[in-house]
Every structure is written in structure tokens, then in C-alpha cells.
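Worksheet: the structure to be examined is printed underneath.
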Amino acid sequence: MSQPFTIRCRDNGPLVMPATVQVVDADGNPFPIPPGKEVVALCRCGATKNRPFCDGSHKAMGFTACEKATPPVA
Ligand code: FES
């Protein structure tokens, strides 16, 4: 069984995923991902000037979000 696709919630920052993902707009048109990128970071603070991608603006606006997943019950 292959590894599940992982989206990482970076503390106080974007959602980060492998650049193998295809990000599309509401019409299904893909956003270009620059060749050679290993990860894609999607903005979740709303301050980016490059939607839907993170441009680092979350740092200047003081975005805070440190959600932690509940560990699975053994
Ligand atoms: S999360 Fe980085 S600019 Fe919004």
C-alpha cells in the first residue's frame, strides 16, 4: 500500500504539500508550478498577494495557527 498524500499544517503558516499535487482554480484550470519545486505552500492566512500560494506575508501580519491533530487511540 502506498503512502497517503500528506498536507502539513505549518505552525503559523501555510499548508505544505508535495509539488506533485495539481492545484486548480474553480474552473479546473491548473495553476503553474515552477519546475524543480519540491513542495507547494498554499496560503491559509489570507494575506498573500499570490493566491492561492503563500508568499510569506503570514509572518508580517502575525498570523497564528498551531492546530495539533488528536493522536489516534491505541
Ligand atoms: S500563509 Fe503564508 S501568506 Fe498566507
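Counting convention: from 1, in listed order, for ligands and their atoms alike. Just so it is clear, the model here is predicted, and its values are computed rather than measured.
Around atom 2 (Fe) of ligand 1, protein atoms of type N, O or S found under 2.8 Å number 2.
Placement of Leu42 and Val21 within a single hydrophobic cluster is found when ILVMFWY residues are connected by side-chain heavy-atom separations under 4.5 Å, directly or transitively. Cluster annotation: Val24 and Ile33 are assigned to distinct hydrophobic clusters (Ile/Leu/Val/Met/Phe/Trp/Tyr, side-chain heavy-atom contacts under 4.5 Å, transitive). Taken together through direct or relayed side-chain contacts under 4.5 Å among Ile, Leu, Val, Met, Phe, Trp and Tyr, Met17 and Phe31 form part of one hydrophobic cluster.
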Test log, rule side chain to side chain contact (heavy atoms under 4.5 Å, CB included), inputs Arg10 and Cys54
CA-CA 11 Å; Arg10 188 171 286 171; Cys54 171; over 6 Å; no
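A salt bridge does not link Arg51 with Asp25: every distance from a Lys NZ or Arg NE/NH1/NH2 to an Asp or Glu carboxylate oxygen is 4.0 Å or more.
If you check the side chains of Thr48 and Asn50, you find no donor sitting under 3.5 Å from an acceptor.
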